[in-house]
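As the structure lists them, so they are numbered: ligands from 1, and atoms in each ligand from 1. What you see is a predicted model, and the numbers here were worked out from it, not measured in a lab.
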Amino acid sequence: MSAIILGIESSCDDTSAAVIQGQKILSNVIANQEVHKNYGGVVPELASRAHQQNIIPVIASALHKANISKNQLDAIAFTRGPGLLGSLLVGTSFAKTFAMGLDVPLIEVDHMQGHILAHFIKDEETDIVPEFPFLCLTVSGGHTQIVLVKDYFDMEIIGKTIDDAAGEAFDKAAKILGLPYPGGPLIDKYAKEGNPLAFKFTEPRIPELDYSFSGLKTAFLYLIRDKLKKNEHFIEENLNDLCASIQHTIVEVLMKKLKIAAKQTGITQVAIAGGVSANSEIRKRFVEMEEAGEWKVFIPKFQYTTDNAAMIAIAGYLKYLNGEFTDQKARPYARSINK
Ligand code: KG4
Ligand code: ZN
């Protein structure tokens with residue numbers, strides 16, 4: 001029988017717990033925090049408090065859904081970082097205490113590695129997983145990276161954003177349009193009815209494989225500001241086109257560098273991970289690359305795109321196989337240590 005592991009994720013504003021047996025997810029429970037909606041972004045102190053309220057019911061629910069009792073757990077995996085310290089502390093403290101109480105190993109997982117390793121979940125026998133080496137575009141609210149994945153825990157970041165992350169660009173554009181946080185999914189929704197070429201924005205010129213999104217945000221802000229001076233209904237009248245155009249530009253920027261990375265490395269297995277990988281246009285562009293015979297692509301199931309504990313559980317399982325356990329003294333880290 002394969003090991004049974006509980007994964008806990010609390011790095012930002014989602015409290016999540018998942019149970020995995022081998023590479024198969026038995027449950028993946030996520031509690032979103034509504035409290036941030038009115039603030040246009042995550043408020044760290046409120047996030048930390050909401051995690052404290054959610055963590056026990058979320059873990060109880062994950063165990064119940066998996067039909068697993070706590071005594072059957074072989075290890076506890078948790079997100080050690082990067083993320084908001086107050087949020088990480090809740091999951092970390094709970095994981096340590098639970099592992100100590102059950103006398104099972106504790107396994108730390110890096111959140112960004114978790115996003116990538118979600119590709120190794122095998123819910124069905126037929127699920128195909130990437131082979132090493134492959135490239136992964138990891139795009140979330142806090143990160144935008146092109147990662148050369150040489151092995152499960154041997155990853156090299158070959159490109160990254162020098163300012164805003166792609167998810168942040170979506171969220172900031174949405175905020176300018178008066179949409180609630182997180183705005184990425186709403187931009188995606190309105191973009192479906194809009195013309196992606198209605199508004200043009202200059203794409204950033206950044207050397208090598210790095211990205212920049214802060215200029216795009218400013219260009220978007222100035223466009224809206226100027227247009228609103230002439231027509232106060234400009235946003236309502238053009239919402240779909242505005243969403244389609246900004247989404248198209250962000251996706252175009254992401255794809256361009258990724259294509260260069262694939263050419264430079266000669267790697268044709270390309271994956272996408274992180275919250276922004278839920279975006280319908282980027283998923284479509286990936287499928288097109290496969291249809292054109294350029295890449296073999298790996299697109300995660302929707303439930304494994306935005307923050308979830310299933311990705312922490314699979315990463316925990318892969319470490320469990322190597323006997324890579326964590327000391328009770330481990331403290332969370334806010335910034336990436338896996339360079
Ligand atoms: O990975 P994630 O859940 O959290 C972080 O680790 O940051 O990513 C959240 C980000 C947010 O910026 C959110 O707006 C974005 O992912 N996002 C999307 C979509 N769904 C989530 N962006 C564009 N289109 C989507 N469908
Ligand atoms: Zn994330």
For the residue pair [Y] / [X], report whether a side-chain donor-acceptor contact shorter than 3.5 Å exists.
X: D163; Y: S212; value: yes
X: Q303; Y: N308; value: no
X: H51; Y: T15; value: yes

Nearest non-hydrogen protein atom, [atom]:
atom: atom 9 (C) of ligand 1; result: G141 N, 3.8 Å
atom: atom 3 (O) of ligand 1; result: D307 N, 2.8 Å
atom: atom 17 (N) of ligand 1; result: G275 O, 3.6 Å
atom: atom 11 (C) of ligand 1; result: D171 OD2, 3.5 Å
atom: atom 26 (N) of ligand 1; result: D188 OD2, 2.9 Å

Flag the pair K172 and D164 as a salt bridge only when some basic side-chain nitrogen lies within less than 4.0 angstrom of an acidic carboxylate oxygen.
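Yes.
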
Residues K217, E168: salt bridge by 4.0 Å N-O rule:
no

Within 45° of the six-membered ring axis of F325 and under 6.0 Å from that ring's centre, is NZ or CZ of K319 located there?
no

Honestly, is R283 close enough over F286, meaning NZ or CZ under 6.0 Å from the six-membered ring centre and within 45° of the axis?
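Cation-pi check for R283 and F286: fails.
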
What atoms of ligand 1 come closer than 4.0 angstrom to any heavy atom of [X]?
X: T306; result: 3 (O), 21 (C)
X: G142; result: 7 (O)
X: S140; result: 1 (O), 5 (C), 6 (O), 7 (O), 8 (O)
X: G167; result: 12 (O)

Could you pull out, from A165, A273, G184, A191, the option with a heavy atom nearest to atom 18 (C) of ligand 1?
G184

If we only count N/O pairs under 3.5 Å, is H111 in contact with ligand 1?
yes

Would one find an N or O of N279, backbone or side chain, under 3.5 Å from an N or O of ligand 1?
yes

The angle formed at the Zn ion (ligand 2) by NE2 of H111 and OD1 of D307 is about (to 10 degrees) 90°

More than 12 foreign heavy atoms under 6.0 Å from NZ of K70: is that the case here?
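No, the 6.0 Å shell around NZ holds no more than 12 heavy atoms from other groups.
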
Give the contacting part of H143 toward ligand 1: side chain, backbone, both or neither, where contact means a heavy-atom distance below 4.0 Å.
neither

What do we get for H115 next to ligand 1 when only non-hydrogen atoms under 4.0 Å count, side chain, backbone, both or neither?
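Side chain only.
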
Please confirm if an N, O or S atom belonging to H115, backbone or side chain, lies less than 2.8 Å from the Zn ion (ligand 2).
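For H115, the answer is yes, given that an N, O or S atom comes within less than 2.8 Å of the Zn ion (ligand 2).
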
Specify whether an N/O/S atom of C12 falls short of 2.8 Å from the Zn ion (ligand 2).
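So C12 does not bind the Zn ion (ligand 2) by this criterion.
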
Rounded distance [0.5 Å steps], CE in M155 versus CE in M112:
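Between M155 CE and M112 CE, I get 10.0 Å after rounding to 0.5 Å.
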
Relative to the ring of F134, is the ring of H119 parallel (under 30°), tilted (30 to 60°) or perpendicular (over 60°)?
perpendicular

Does S11 form a side-chain hydrogen bond (donor to acceptor under 3.5 Å, both in side chains) with E9? I'd like the steps, not just the answer.
CA-CA 6 Å; S11 66; E9 155 63 32; 2.6 Å; yes

